[in-house]
Amino acid sequence: MLKLKSKEKLFKMLFCLCAFVSAAAVALICIFMFANGFPAMAENGFFKFLFGEEWRPTAGQFGILPMITGSICVTAGAIIFGVPLGLMCAIFLAGFCPKKLYKVLKPAIDLLAGIPSVVYGYFGLMAIVPIMQDIFGGNGKGILTASILLGFMILPTIISVSEASLRAVPNAYYEGSLALGATHEQSMFKTVFPAAGSGIFAGVILGIGRAIGETMAVAMVAGNSAIFPDSLTSNVRTLTTNIILEMGYATGLHRQMLIATGVVLFIFILIINLCFSMLKRKGGKAQ
Amino acid sequence: MTANASVNTAKKDLHLGSKLLKIAVWVSGAIVASLFVILVAFILIKGIPNLSLDLFAWKHTTKNMSMMPAIFNTVEMVLLTLLIAVPIGVLAAVYMVEYAKKGSKIVAVVRLTTETLQGIPSIIFGLFGMLIFVYSFEWGKTMMAGVMTLVLMILPVIIRTTEEALLAVPDSYREGSFSLGAGKVRTVFRIVMPAAVPGILSGIILATGRIFGETAALVFTSGTSIGRTFTGDPTGPGCTLAVYLYILWNEGLYTEQAYAVSVVLLVLTIGINALSSYLAKKVGKKNG
């Protein structure tokens, strides 16, 4: 009996240990990123790093303001292209789509979520870039191209999270609205959609996190010049692509500054994650 | 009379609005569907003509640019990563569902960190993996460094899907087992886990999809060198198929081969998704 009890305890401890692996991983990631990034930032000067307008590793100038601007621009573009379309499509799936069509469309959207980002990048390079070249001239790469591709890439995230929250709204909301004389469309848009608000917003934030963290696809279609973008078609470099493009050959301070770029991105992501968790909790409570 | 008329027109307007909304919703559904068709068709049409036997030659040379070593590296990467991540993830989920008390602080911490882990972009995982495994542990750019990085990346997927699968097992199973005198560990391993296997499997397959599609986390950890042949040595460098596609882009010389690699990646994604949804359906039927 005693033996059995100790065995039970042993396993409980093992399970608990496994559960803490993810907590330990997050702690380690924070420690390693910050410990490697902050000293370099301090050496270069925080202000000069965050608000410096020149990125010239060979001249020892490490300002990432163009990259921060770039990241914000392409993410904003992705929101403009991806969010309205994604939300409308989620409403379509939850309230309008015939069952037979749903059985085809839903797996297709799941598949979009699973396609590797390099493949998206190639698609952008071979399909979107030539079209942009025809319309705007130049090399066809830049903010607009990256925004369109990213908007496309975040669609599945936004659609599936929003659809799930729309479906989680109690049917009574919808029926009550119909009983008051509203049409099906009005009920979906004015009753069910607002009721699912925080869940949908959480989905949008998740999509934003994806867009700001995307690396490969953006590297292929953004043009990657480390300059301030001055128009929608101007080449742009984001925080993520700055790392992937130069880490391969960087040494010394240059490498540390790239890690520091990662730290800035990481802080952006942590803020986004925090918003997401808070909204999700709020959504969970409301229902 | 006038009031009546205005009510009538208002009602008509509402109906018109409803119609417009309906059209807008259908149009957006159609746009998403056609985007999907364009993407898949584009990759297939451009890629299939470029598939050649040379690309599947056992030995990679700069002449044939064979993707065979990359394919085998991918298989090795997937297997090793799953071998480490699945036990940890499944046991963690067992703790969360079967052992932890509701509202306990441990569950809150684990849940928050798992969510955080899930939201971290792969490039950050890549940097972290490089800093800890490649430099601090001095493993260099090796398959193993890539594997350990990916383990952390897919852990949240496995924990979440396993949790859902365990929660879907009816309590009567557990009660029956306890009433027959089985201990908790026995109940978990013999009764609850077998019932949850299809759900756990669908999570594992989902994770497989993430592993083989990953690039940004692997470029700095397992490296971008494609060997002549597949060695299978986890302490050596090796690039997976997705990383190989990235290399082809980076070199900028091998557009045709890149199209072909895209097709292979797409077909693998389709296969994995089909398998995962088949298993998920099986779970649904069992409980429904």
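This is a predicted model, so every value here is computed, not measured. Every chain is numbered from 1 and lettered A, B, ... according to where its sequence line falls, protein lines coming before strand lines.
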Region of [X] that comes under 4.5 Å of a non-hydrogen atom in chain A:
X: B:Arg210; answer: neither
X: B:Ile38; answer: both
X: B:Ser136; answer: side chain
X: B:Phe189; answer: side chain
X: B:Ile31; answer: side chain
X: B:Ile270; answer: both
X: B:Ser277; answer: neither
X: B:Tyr246; answer: both
X: B:Val94; answer: side chain
X: B:Ile43; answer: side chain

- side-chain contact (heavy atoms from CB on, under 4.5 Å) assessment of A:Phe15 paired with B:Glu98: CA-CA 10 Å; A:Phe15 296 152; B:Glu98 307 287 332; over 6 Å; no
- Task: In sequence, state the C-alpha distance, the side-chain angles, and the governing distance for B:Phe128 and A:Leu28, and then conclude on side-chain contact (heavy atoms from CB on, under 4.5 Å).
- Result: CA-CA 9 Å; B:Phe128 169 70; A:Leu28 270 178; 3.9 Å; yes
- Message: If we check ring pair (Phe, Tyr, Trp, His ring centres under 6.0 Å) with A:Phe123, which of these qualifies: B:Phe36, B:Tyr259, B:Phe42?
- Response: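 It is B:Phe42; the other options fail the test.
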Taking [options] one by one, which has the highest count of heavy-atom pairs under 4.5 Å against chain A?
options: B:Glu214, B:Arg186, B:Met130, B:Gln118; result: B:Met130
options: B:Leu155, B:Leu117, B:Val219; result: B:Leu117
options: B:Leu248, B:Thr114, B:Ile132, B:Leu265; result: B:Ile132
options: B:Ala100, B:Ala258, B:Gly126, B:Ser122; result: B:Ala258
options: B:Trp249, B:Tyr99, B:Phe125; result: B:Trp249

Just verifying a value: how many Å separate [X] [atom1] and [Y] [atom2], rounded to the nearest 0.5 Å?
X: B:Ser262; Y: A:Tyr120; atom1: OG; atom2: OH; value: 13.0 Å
X: B:Leu152; Y: A:Ile29; atom1: CG; atom2: CD1; value: 6.0 Å
X: B:Leu245; Y: A:Tyr122; atom1: CG; atom2: OH; value: 5.5 Å
X: B:Ile123; Y: A:Leu239; atom1: CD1; atom2: CG; value: 10.5 Å
X: A:Met153; Y: B:Leu39; atom1: CE; atom2: CG; value: 10.0 Å

- Under a 4.5 Å heavy-atom cut-off, does chain B meet the side chain of A:Ala27, its backbone, both or neither?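 For A:Ala27, no heavy atom lies under 4.5 Å from chain B.
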- Where on A:Phe266 is there a heavy atom nearer than 4.5 Å to chain B: the side chain, the backbone, both, or neither?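 The answer is both parts of A:Phe266.
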Counting C-beta onward and ignoring hydrogens, is there a side-chain heavy-atom pair between [X] and [Y] closer than 4.5 Å?
X: A:Phe20; Y: B:Ile106; answer: yes
X: B:Leu35; Y: A:Leu155; answer: yes
X: B:Phe220; Y: A:Ile244; answer: yes
X: A:Leu17; Y: B:Tyr95; answer: no
X: B:Val185; Y: A:Lys12; answer: no
X: A:Glu185; Y: B:Val25; answer: no

- Item | A:Phe92 ring center near B:Trp26 ring center (under 6.0 Å) |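 Between B:Trp26 and A:Phe92, which both carry aromatic rings, the centre distance is below 6.0 Å.
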Give the minimum heavy-atom separation between [X] and [Y], together with the two atoms involved.
X: B:Ile159; Y: A:Ser22; answer: CD1-OG, 4.4 Å
X: B:Pro121; Y: A:Leu265; answer: CG-CD2, 4.4 Å
X: A:Asn273; Y: B:Gly119; answer: OD1-CA, 3.7 Å
X: A:Ile115; Y: B:Thr269; answer: N-CG2, 3.8 Å
X: B:Ser18; Y: A:Thr183; answer: OG-OG1, 2.7 Å
X: A:Ser277; Y: B:Glu115; answer: OG-OE1, 3.1 Å

- Query: Step by step, would you call A:Met33 with B:Leu127 a side-chain contact (heavy atoms from CB on, under 4.5 Å)?
  - Reply: CA-CA 8 Å; A:Met33 291 300 291; B:Leu127 280 181; 3.9 Å; yes
- Take B:Ile124 and A:Ile269 through the test side-chain contact (heavy atoms from CB on, under 4.5 Å) and record every step on the way to the result. CA-CA 10 Å; B:Ile124 302 274; A:Ile269 291 289; 5.5 Å; no
- Message: Has B:Asn273 got a side-chain atom pairing as donor or acceptor with A:Gly114's backbone, closer than 3.5 angstrom?
- Response: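 Between the backbone of A:Gly114 and the side chain of B:Asn273 there is no qualifying donor-acceptor contact (under 3.5 Å).
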- Message: I'd like to know if the side chain of A:Glu8 and the backbone of B:Lys184 have a donor-acceptor N/O pair within less than 3.5 Å.
- Response: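 Such a contact is found between A:Glu8 side chain and B:Lys184 backbone.
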- Heavy atoms of other groups near A:Glu246 CD, more than 12 under 6.0 Å: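 Yes, the 6.0 Å shell around CD holds more than 12 heavy atoms from other groups.
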- Message: Would you say that more than 12 heavy atoms from the other residues, nucleotides or ligands in this model lie under 6.0 Å from the CZ of A:Arg210, or not?
- Response: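 Atom CZ in A:Arg210 is not crowded, with 12 or fewer foreign heavy atoms closer than 6.0 Å.
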